[in-house]
Amino acid sequence: MADWPSAQVRRTGTEDTMVRRRRGRAALASLVPAVLLAVTATGCGTALRDLGPLPPRFPGPALPADTVVSEMTSVLAAEGITVARQPPDGAGRCTERLTGRHAPETAGSALEAAFARARSEHGWQAGPDLGGGTLSLTKGNWTVLASRPSPEAAQGVQAPVVMSLTCLDPGSSTAPQAS
């Protein structure tokens, strides 16, 4: 065996150091999965415990569709905008739509005043900011959206006013149930 080439090679101090470093890295690398397993076993035990039901997605009780439509119709009527409730589209979602017409030169300001009245008199909150042309309100499980009508309309033509009401959870038998 003395004539094997590997037996004739002498290792230098640098080669020994490199081998030791590789072995140290391999040992450290084999410890990482064990440490991760131990941390996961002890740390996730508390994170996975049952904390009970999730809080509701909206504060307060669910509002019925008739109440919301009545409030929005009354605040619009107080500002001179007469709207009609559209029949449900049958999509199985909890939505309502109010449509009407108003004089184009005052439709935008009347709609803004109606939204302000809904906040002050009926407890609605400002909804998410969806851009300059959209007004939004939230209350309970409902969100109300309306686009500001264009002040430029053909002469003699009233500006359309459309208000969309959408709920997160029907909460009552008067609102359509999702299937």
Side-chain angles (χ1 to χ4, degrees), residues 39-41 43-179:
V39 168
T40 303
C44 290
T46 57
L48 295 177
R49 70 182 170 176
D50 185 13
L51 299 175
L54 290 172
R57 293 187 289 180
F58 52 89
L63 298 172
D66 292 337
T67 301
V68 174
V69 169
S70 173
E71 285 182 6
M72 287 296 114
T73 302
S74 71
V75 297
L76 289 168
E79 298 302 326
I81 303 173
T82 304
V83 292
R85 186 177 188 176
Q86 298 298 307
D89 61 3
R93 294 180 45 205
C94 186
T95 60
E96 295 287 339
R97 184 176 294 258
L98 303 175
T99 59
R101 296 201 167 270
H102 193 67
E105 50 280 343
T106 59
S109 60
L111 193 58
E112 287 176 11
F115 272 60
R117 184 180 297 269
R119 285 191 300 272
S120 65
E121 294 179 8
H122 296 283
W124 287 82
Q125 302 295 318
D129 184 13
L130 300 174
T134 304
L135 300 170
S136 66
L137 294 172
T138 60
K139 181 178 179 183
N141 56 327
W142 288 87
T143 300
V144 175
L145 298 174
S147 294
R148 288 185 182 94
S150 173
E152 305 94 28
Q155 196 152 23
V157 177
Q158 299 223 334
V161 176
V162 178
M163 184 177 284
S164 298
L165 301 93
T166 307
C167 71
L168 294 174
D169 181 21
S172 76
S173 59
T174 59
Q177 299 291 320
S179 44

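Throughout, numbering of the chain's residues begins at 1 and tracks the sequence.
With rounding to the nearest 0.5 Å, the separation of OG1 in Thr67 from CH2 in Trp142 is 9.5 Å. One finds the CD atom of Glu96 at 7.0 Å from the SG atom of Cys94 (value rounded to the nearest 0.5 Å).
Pairing each heavy atom of His102 with each of Ala110, the nearest pair is NE2-CB, 3.9 Å. Of all heavy-atom pairs spanning Leu137 and Ala118, the tightest one is CD1-CB, 3.7 Å. Minimum heavy-atom separation, Ala126 to Thr138: O-OG1, 4.1 Å.
Considering only residues two or more places apart in sequence or on other chains, Ala116 meets the side-chain contact (heavy atoms from CB on, under 4.5 Å) condition with Arg119. Scored by the side-chain contact (heavy atoms from CB on, under 4.5 Å) test, Thr99 finds Gln86, Arg97, Val162 as partners (sequence neighbours excluded). Remark: Arg148 engages Glu112 in a salt bridge (Lys or Arg N to Asp or Glu O under 4.0 Å) (not counting sequence neighbours). Annotation: side-chain contact (heavy atoms from CB on, under 4.5 Å) contacts of Thr134 (sequence neighbours excluded): Leu130, Leu145, Ser147. Evaluation of the side chain to side chain donor-acceptor pair (under 3.5 Å) rule for Ser164 yields no partner, not counting sequence neighbours.
A donor-acceptor pair under 3.5 Å links the side-chain atoms of Asn141 to the main chain of Leu63, judged by distance alone. Between the Ser136 side chain and the Pro128 main chain, a donor and an acceptor come within less than 3.5 Å of each other.
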When you look at Leu111 and Val161, which way does the side-chain contact (heavy atoms from CB on, under 4.5 Å) test go after all the steps? CA-CA 8 Å; Leu111 193 58; Val161 176; 4.1 Å; yes
Which is it for Leu165 and Leu98 under the side-chain contact (heavy atoms from CB on, under 4.5 Å) test, yes or no, and what are the steps along the way? CA-CA 8 Å; Leu165 301 93; Leu98 303 175; 3.9 Å; yes
Dump the intermediate steps for side-chain contact (heavy atoms from CB on, under 4.5 Å) on Val144 and Met163, then the final yes or no. CA-CA 7 Å; Val144 175; Met163 184 177 284; 3.4 Å; yes
Please report, to 0.1 Å, the donor-acceptor pairs under 3.5 Å made by any side chain of residues 70-81, with sequence neighbours excluded.
{"unit_1": "Glu71", "atom_1": "OE1", "unit_2": "Trp124", "atom_2": "NE1", "d": "2.7"}
{"unit_1": "Glu71", "atom_1": "OE1", "unit_2": "Lys139", "atom_2": "NZ", "d": "3.2"}
{"unit_1": "Glu71", "atom_1": "OE2", "unit_2": "Lys139", "atom_2": "NZ", "d": "3.1"}
{"unit_1": "Thr73", "atom_1": "OG1", "unit_2": "Val69", "atom_2": "O", "d": "2.7"}
{"unit_1": "Ser74", "atom_1": "OG", "unit_2": "Ser70", "atom_2": "O", "d": "3.4"}
{"unit_1": "Ser74", "atom_1": "OG", "unit_2": "Glu71", "atom_2": "O", "d": "2.9"}
{"unit_1": "Glu79", "atom_1": "OE2", "unit_2": "Arg117", "atom_2": "NE", "d": "3.0"}
{"unit_1": "Glu79", "atom_1": "OE2", "unit_2": "Arg117", "atom_2": "NH2", "d": "2.9"}

